[in-house]
Protein chains: 2
Amino acid sequence: MTNAPKLSDQLCFAAYSFTHALNRAYRPLLEPLGLTYPQYLVMLVLWEADGQTVKEIGERLKLDSGTLTPLLKRLETIGYVSRRRGKADERQVIVHLTDDGRSLSDKAAGIPVELGCAMGAELGEIADLRERLLAMRDRLGETGCAIGEAEG
Amino acid sequence: MTNAPKLSDQLCFAAYSFTHALNRAYRPLLEPLGLTYPQYLVMLVLWEADGQTVKEIGERLKLDSGTLTPLLKRLETIGYVSRRRGKADERQVIVHLTDDGRSLSDKAAGIPVELGCAMGAELGEIADLRERLLAMRDRLGETGCAIGEAEG
DNA sequence: CGAAATTTAATTGCGCGCAATTAATATGGG
DNA sequence: CCCATATTAATTGCGCGCAATTAAATTTCG
């Protein structure tokens, strides 16, 4: 019993439960747009650059086609994107915003403001946290190591 | 387009993708134990205090019975826990470790070490990040606010 | 005491996330 | 040119998370 890892020590659990809390906080804000949080992330990617392939979207969000294909089909069904095979390379599926999808960005503009407020954190702290989480994420993707000392 | 939120600005996405990276990092470590990451979290809770109700476990992990009931049934099937209705209050289901479940903590002892190493972060930084994420999580659970300025 | 309100788990339905497999297209070497 | 290999999406299967509902036991209060 004494050698068991402690929940309270774990950064992992903190990140896990913070993420779920964020998801819950986003839900009522995204519900009027008809989007889930992962769908919102895809829209963010497309608002930055329209006409990306499934693979490109996946690289940006670290998601694979098993997740993206059904998600994109739902976005297509509700009329925010179109999916077309690429002309040059027919393996690719290129995702374009519809007019509805493009204009949705106006309605979404206030969301980060509301969320940042709900978190009750300074802009600087938010940016700092973000950088550190992304850095750790990228380090986790690498080979790993043999022995160390820290809590998971 | 210019008013659309930017993915790169978002703490939310950083936390989201960090959590998924953690999940992927845990998988090969937990696979020999026969556990998923959420199942591992439940085991952590039980290693700290055996014989908790579903509600107590849920409060600790911020999960509801819709998630926990099937998860606990799987843990019961593989033989790590038992589930029994409480004698005093038959609404409750009390979860106990089996001998196998208890002794599993030895095999799990090295996991936080490996993870901490894979993240390549100092102990102090990890503790600091953890506190900040939990504090923000708890703030998100509260009422929210009207107007503010920060990125979600 | 007894009906209403509350608490506790279980159930249902849906959308991720991801591993593994499949199918179709493109590329490169002999 | 043709076959082996790569790449790209789609599909399948499973385990979360969570909202909403249901069912059963308990508590509260008139």
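Below, chain A is the first sequence line, B the second, and so on; all start at residue 1. Computed from a prediction, not measured in an experiment: that's the story for all the values here.
Between A/T69 and D/dT11, a side-chain N or O to OP1/OP2 separation shorter than 4.0 Å is absent. The side chain of A/R91 contributes no N or O atom lying less than 4.0 Å from OP1 or OP2 of C/dA23. A close approach under 4.0 Å does not occur between any side-chain nitrogen or oxygen of A/R27 and OP1 or OP2 of D/dC18. Using a 4.0 Å cut-off, some side-chain N or O of A/R24 falls inside it from OP1 or OP2 of D/dC18. OP1 and OP2 of C/dA9 both lie 4.0 Å or more from every side-chain N or O belonging to B/S65. Look at B/Y16 and you'll find a side-chain N or O under 4.0 angstrom from OP1 or OP2 of C/dG17. In this model, the phosphate group of C/dC14 is not approached by any side-chain N or O of A/R74 to a distance below 4.0 Å at OP1 or OP2.
Computed from coordinates, the B/L63 CG to C/dA9 P distance equals 14 Å when rounded to whole Å. Between the P atom of D/dA9 and the CG atom of A/D89 lies a distance of 8 Å, rounded to the nearest Å. One atom, CZ of A/R137, and another, P of C/dG17, lie 14 Å apart when rounded to the nearest Å. Regarding B/I94, its CD1 atom lies at a distance of 12 Å from the P atom of C/dT8, rounded to whole Å. If you take CD of B/E31 and C1' of C/dA19, they are 12 Å apart, rounded to a whole angstrom. Counting to the nearest Å, the C1' atom of D/dC16 and the CG atom of B/D64 are 11 Å from each other. Note: CZ (B/F18) to P (C/dG17) measures 16 Å, nearest angstrom.
B/A88 comes within contact range of the sugar-phosphate backbone alone, with a heavy-atom separation under 4.0 Å but no base atom that close. Using a 4.0 Å heavy-atom distance criterion, A/T67 is classed as a base contact. Contacts of A/L71 with the nucleic acid, taken as non-hydrogen atoms under 4.0 Å apart, involve only primed sugar atoms and P, OP1 or OP2.
Summary of the strand contacts: B/G66 and A/G66 both lie near DNA chain D, and taking for each the nucleotide with the nearest heavy atom, the more 5' one is attributed to A/G66. Toward the 5′ end of DNA chain C lies the nearest nucleotide of B/Q92, the other residue of the pair B/Q92 and B/K73 mapping further downstream.
Under the 90° criterion around 0 for the glycosidic angle, C/dA10 counts as anti.
Atom CZ of B/R60 is separated from atom CG of B/L41 by 10.5 Å, given to the nearest 0.5 angstrom.
Looking only at side-chain heavy atoms (C-beta outward), A/R132 and A/R137 stay at 4.5 Å or farther from each other.
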